[in-house]
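Because the structure is a prediction, the values reported are computed rather than measured. Residue numbers start from 1 in every chain, and the chains themselves are labelled A, B, ... in the order their sequence lines are given, proteins ahead of strands.
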There are 2 protein chains.
Amino acid sequence: MQNLSKNQQIIFDLIDKSPEPLKAYSILFNVQKRGIKAPLQVYRALDKLVEIGKIHKIESRNAFIACQNSSCQISKATAFSICESCEKVTEINNSNLSKYLTGFKDKNGMKYNKYNLEFFGLCKKCISKKS
Amino acid sequence: MQNLSKNQQIIFDLIDKSPEPLKAYSILFNVQKRGIKAPLQVYRALDKLVEIGKIHKIESRNAFIACQNSSCQISKATAFSICESCEKVTEINNSNLSKYLTGFKDKNGMKYNKYNLEFFGLCKKCISKKS
DNA sequence: TTACAAAATGTTATATTATAACAATATAAC
DNA sequence: GTTATATTGTTATAATATAACATTTTGTAA
C-alpha cells in the first residue's frame, strides 16, 4: 500500500480520530489551519481515500468514516449500522453477512461487484434512555 | 391508503412514468408548467412520498424512483441494483434477501427497524456491449 | 356548519454539498 | 534526466437541500 499524500494524510488523520462520521465542510473547517483552504482540496482527498478503501462514505448522511476493518483496502462490500437517535455509525464486519451478499444473485442476471448496506435503528444507549 | 395531494400526485406521476430515477431539480424543471415553481415544493412532496413508501430515494445517486413493489407501503426494507455503466436502477424484490436482512442482528445488540441496500455492477446489456 | 386541528401550499432567502476549468508543482518510473 | 502520472492550488459555479414565515385547504368532530 502506497503512502498517502500530504493532504490525504491530514484528512485521513482527522477522520480516523473522529468518533463519528465527518462531513466534507466540517473537515474543511478543521483543516484550514493546516493549509487546506478550498472544498475541492477536501473532496479530492476524500475521493482518493474512498477509492483506496481507507475511508467509507455513509451515503444516507453525506459523511465519511474511517474503515474499521484493518484488512479492507478496497471497499467493495460495506455495511453499517446507524442509530437514528444519536447518529452513531458503526461498520459491520460480519463474515456471514458479507458472504451472503457477495454471493447474492438476482433473477435479472446482473452480476454485482460491489454493494453498500445501511441498517437503521436505535443503539443500546438510546433504547435505554427512552425506557 | 389516503389520496395524494395535488403536488404529491403531480410529482408521483412524473416519477412513476420515468424509466429511470429522477433528481429533484430535474423534477422541478418538469413540473414548472404545472405550477410547481420552487424547490421546496418538490422536496416536500418527495419527503411525503418517501414516507408513505410510494417512492424510494437512491442514496448513492440522490435520485428518486417509484416503488416497484405493489404491496410496499412503508419502506423499511429496500434493495436496488444499479448499473454503473448505464445507471439503470432496479428494485430488488427477493423474499430470501429481505428475510435474511430483516432478521439480521449484529453482535452489538442493536435492533434494526430499517435497511437500505444498493448493489453495483454491470447490467446484461452493458456487459454484452463491452465484449 | 362551524370551529378546530392537521396537512399542504406558496414564497423568498439561504444553507449545504459537490464539481468544472485551468495552472502549477511534486512524485514515481524508466 | 526525462517523461508520465498524481497531486496541489485557486477561482468560480453547479447541484442538492432546508429555514422561516404566511396562507390555504382538508379532515374531524362538536
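- The closest side-chain donor-acceptor pair between B:E59 and A:S60, if any, does not fall under 3.5 angstrom.
- In the hydrophobic clustering (ILVMFWY side chains linked at under 4.5 Å, chained through shared members), B:F120 is joined by B:I58, B:I65, B:F80, B:I82, B:V89.
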Summarise protein proximity over nucleotides 23-30 of chain C in one line of letters, 5' to 3': B for base, S for sugar-phosphate only, - for none, counting protein heavy atoms closer than 4.0 Å.
--------
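- Taking atom CD1 of B:I36 as the reference point, atom C1' of C:dT9 lies 10 Å away to the nearest angstrom.
- In this structure, of C:dG10, D:dT7, D:dT11, it is C:dG10 that holds the atom nearest to the side chain of B:N7.
- Following rounding to the nearest Å, A:Q32 (CD) and D:dG9 (P) show an atom-to-atom distance of 13 Å.
- Among residue pairs with one or both ends in residues 15-30 of chain A, none qualify as salt bridge (charged side-chain N to carboxylate O under 4.0 Å, His left out); sequence neighbours excluded.
- Taking 4.0 angstrom as the limit, A:S5 places a side-chain polar atom (N or O) nearer than this to OP1 or OP2 of D:dT8.
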For nucleotides 15-19 of chain C, print each protein N/O atom paired with a nucleotide N/O atom at under 3.5 Å, atom names and distance only.
from	atom 1	to	atom 2	distance (Å)
C:dT17	OP1	A:K23	NZ	2.4
C:dA18	OP1	A:K57	NZ	2.7
C:dA18	OP2	A:Y43	OH	3.2
C:dA18	N7	A:Y25	OH	2.8
C:dA18	N6	A:Y25	OH	3.1

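- Checked against ring pair (Phe, Tyr, Trp, His ring centres under 6.0 Å), A:Y25 has no partners two or more places apart in sequence or in another chain.
- Qualifying salt bridge (Lys or Arg N to Asp or Glu O under 4.0 Å) partners for B:K111, counting only residues two or more places apart in sequence or in other chains: none.
- Take A:Y112 and apply the ring pair (Phe, Tyr, Trp, His ring centres under 6.0 Å) test, not counting sequence neighbours, and it matches B:F119.
- For the OP1/OP2 pair of D:dT7 and a distance below 4.0 Å, the side-chain nitrogens and oxygens of A:K48 include at least one atom meeting the criterion.
- D:dT7 atom P lies 12 Å from atom CG of A:N3, rounded to whole Å.
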Stepwise salt bridge (charged side-chain N to carboxylate O under 4.0 Å, His left out) check, B:K114 with A:E84:
CA-CA 10 Å; B:K114 203 167 80 178; A:E84 289 182 301; 3.3 Å; yes
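- By the salt bridge (Lys or Arg N to Asp or Glu O under 4.0 Å) test, A:R61 pairs with A:E87, sequence neighbours left out.
- Whole-Å rounding puts the B:Q9 CD to D:dT26 C1' distance at 16 Å.
- Contact between the side-chain N/O atoms of A:Q41 and the OP1/OP2 oxygens of D:dT8 is not found at any separation under 4.0 Å.
- Listed pair B:K6 / C:dG10 meets the phosphate criterion, a side-chain N or O lying under 4.0 Å from OP1 or OP2.
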The dot-bracket string of DNA chain C, counting Watson-Crick and G-U wobble pairs with both distances under 3.5 Å, using [ ] for crossing pairs and | for pairs to another strand, is ||||||||||||||||||||||||||||||
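- Rounded to an integer number of Å, the gap from A:K37 NZ to D:dT11 P is 8 Å.
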Side-chain atoms of residues 99-110 of chain A: list all donor-acceptor pairs with protein atoms under 3.5 Å, sequence neighbours left out, distances to 0.1 Å.
from	atom 1	to	atom 2	distance (Å)
A:Y100	OH	B:N96	O	3.4
A:Y100	OH	B:N96	OD1	2.7
A:Y100	OH	B:L97	N	3.3
A:T102	OG1	A:S98	O	2.6
A:N108	OD1	A:M110	N	2.8

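- With sequence neighbours excluded, no residue forms a salt bridge (Lys or Arg N to Asp or Glu O under 4.0 Å) with A:K37.
- Distance B:L4 CG to C:dA7 C1': 13 Å, rounded to the nearest Å.
- Side-chain N or O atoms of B:Q41 include one that pairs as donor or acceptor with a backbone N or O of B:A38 at under 3.5 Å.
- In terms of the side-chain contact (heavy atoms from CB on, under 4.5 Å) criterion, residue partners of A:S5 (sequence neighbours excluded) are, by chain and number, A:Q8.
- D:dA6 atom C1' lies 11 Å from atom CD of A:E51, rounded to whole Å.
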